[in-house]
Amino acid sequence: MKSLKQLLRASLVIGCVGLIVSAATFAVLQSQQAVLAGNTINSATAFLSVSTDNLAFNNSKPGFTFSGVVPGGAATPAAGNPVYLKNNGSSNLSLKIAISSTPTNLNGVDLNKVFLEISRSDTGFSQSYSLKSLIDSYASGGTAMNDVVTVGATGQYLLRVSMSADAFNGSSGVTISGIDIVFTGVAS
Amino acid sequence: MPKFLRLFLVVLLAVLTIGSLAGMVLWKTAELRLYSVQTTSMQPVMNSGDLAISLRPKTIKNGDIISYKSADNATQIVSHRVVEVFPERGYLISKGDSLGYADPPVPLSSVTGKTVLIVPWAGHLSDFLHKPLGLIGLVYLPALAVVSYEIARLMNRYNYRPYGLR
């Protein structure tokens with residue numbers, strides 16, 4: 001009788017262990033890691049969507065790397081990187097712009113002297129902001145762009161980067177990447 | 001074996017067994033999911049290294065923390081707070097508590113669950129279990145030890161000695 005009891009006990013323990021091992025293995029195989037994808041061009045407003053090809057609009061898009069920015073040289077790229085902002089809402093949106101994180105700046109360029117130039121061909125809007133001012137303005141909701149995207153319209157913007165001659169000491173160009181631009185639309 | 005240690009092991013085994021059974025049942029019936037938090041986008045509510053436990057949502061309302069498949073990568077799960085729900089349009093807007101901007105619109109069909117419990121630091125354990133060393137060290141080896149112990153006891157009880165050990 002005692003032997004039978006021990007046999008039952010051992011069977012129960014081994015069964016329980018098997019169940020636990022199976023459950024743990026299954027949970028490990030099935031569980032996933034929650035992440036936030038690092039997007040670089042974003043809209044902070046539900047009805048303002050962004051695109052870089054004027055085809056696929058979303059609230060966030062992978063951004064650009066501005067290479068070969070020469071101190072004191074022309075804004076790069078000459079043709080500009082296109083960004084499209086579409087107003088899907090029911091009221092006109094006044095735009096604000098900010099940078100949500102500090103860009104990758106391996107060469108130690110003075111970000112007060114690096115400028116993001118943004119222009120829009122159909123309205124003639126053109127403005128330049130230092131990267132530092134855009135980074136600083138993120139906490140307060142962004143810098144006003146003095147431009148409006150009307151209801152149902154898509155604004156085509158071009159982005160370029162330039163820097164002052166004394167922003168960086170060196171004869172070769174530098175690269176600044178990971179510029180996380182955030183556009184906000186305020187109903188107007 | 002000391003009595004207190006024996007009692008502790010029995011209770012531990014019972015808790016783990018009941019927990020495993022409950023977890024498997026909830027997995028099937030209520031879509032229980034465990035997510036290890038990897039970023040700080042939901043601070044201060046959720047920190048990197050926490051474990052978010054989510055269940056299938058019956059309803060989704062503003063303020064809920066939901067998990068959804070990222071539009072950019074369906075294998076990535078994002079856990080953010082609901083800002084606004086547009087049921088008639090079939091999507092919602094969510095945002096990380098510590099982020100200054102909202103996520104892209106989330107189709108309701110992409111929502112995988114609603115966070116019901118956050119266990120601080122338990123995500124680190126989950127991350128460790130994802131590694132072969134963690135799974136072997138924390139699950140398989142202890143299980144092997146317990147099973148071996150039970151088999152050795154039985155063999156001793158029945159005076160069984162494998163060939164070569166007689």
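Protein chains get the first letters and strands the later ones, always in sequence-line order, with residue 1 at the start of each. What you see is a predicted model, and the numbers here were worked out from it, not measured in a lab.
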Engineer: Using non-hydrogen atoms and a 4.5 Å limit, figure out which bit of Leu154(B) sits close to chain A: side chain, backbone, both or neither.
Structural biologist: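 Contact with chain A involves the side chain of Leu154(B) alone.
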Engineer: State plainly whether one hydrophobic cluster holds both Leu158(A) and Leu134(A), where clusters connect Ile, Leu, Val, Met, Phe, Trp and Tyr through side-chain heavy atoms under 4.5 angstrom apart.
Structural biologist: no
Engineer: How about residues 9-16 of chain B versus chain A: which residues have heavy atoms under 4.5 Å apart?
Structural biologist: Leu13(B), Leu16(B)
Engineer: Quick check for you: among Ala24(A), Gly141(A), Ala98(A), Cys16(A), which has the greatest number of heavy-atom pairs under 4.5 Å with chain B?
Structural biologist: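 Ranked by contacts with chain B, first place is Cys16(A).
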Engineer: Strictly by side chain to side chain donor-acceptor pair (under 3.5 Å), give each pair with a member in residues 9-24 of chain A just once, sequence neighbours left out.
Structural biologist: Arg9(A)-Glu150(B)
Engineer: Going by heavy atoms in the side chains, are Thr25(A) and Tyr140(B) under 4.5 Å from each other?
Structural biologist: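 Result yes, sub-4.5 Å side-chain heavy-atom pair found.
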Engineer: Rounded to the nearest 0.5 Å, how far apart are CD1 of Ile20(A) and OG of Ser20(B)?
Structural biologist: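 Nearest 0.5 Å value for the CD1-OG distance: 5.0 Å.
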Engineer: Between Leu135(B), Val139(B), Ile151(B), Val83(B), which has the largest tally of heavy atom pairs under 4.5 Å with chain A?
Structural biologist: Val139(B)
Engineer: Among the clusters formed by ILVMFWY side chains lying less than 4.5 Å apart, do Leu19(A) and Leu144(B) turn up in the same one?
Structural biologist: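 The answer is no; the residues belong to distinct hydrophobic clusters.
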Engineer: Should Tyr149(B) and Phe4(B) be counted in the same cluster of Ile, Leu, Val, Met, Phe, Trp and Tyr side chains packed under 4.5 Å apart?
Structural biologist: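 They do share one cluster, since a chain of ILVMFWY contacts under 4.5 Å joins Tyr149(B) to Phe4(B).
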Engineer: With clusters defined by side-chain heavy atoms of hydrophobic residues (ILVMFWY) lying less than 4.5 Å apart, directly or transitively, does Phe183(A) cluster with Ile135(A)?
Structural biologist: yes
Engineer: Applying side chain to side chain donor-acceptor pair (under 3.5 Å) as the test, list every pair that has at least one member in residues 89-98 of chain A; sequence neighbours left out.
Structural biologist: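 As it turns out, the side chain to side chain donor-acceptor pair (under 3.5 Å) pairs with a partner in residues 89-98 of chain A, which skip direct neighbours, are Ser94(A)-Ser188(A).
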Engineer: Indicate if Ile99(A) and Tyr129(A) have the same hydrophobic cluster label, given that clusters are the connected sets of ILVMFWY residues with side-chain heavy-atom separations under 4.5 angstrom.
Structural biologist: yes
Engineer: What pairs with Ala143(B) under side chain to side chain contact (heavy atoms under 4.5 Å, CB included), at least two apart in sequence or on another chain?
Structural biologist: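 Only Val17(A), Val21(A) meet the side chain to side chain contact (heavy atoms under 4.5 Å, CB included) criterion with Ala143(B).
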Engineer: Roughly how far, to the nearest 0.5 Å, is the OG1 atom of Thr17(B) from the CG atom of Leu12(A)?
Structural biologist: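 Leu12(A) atom CG to Thr17(B) atom OG1 measures 8.0 Å (nearest 0.5 Å).
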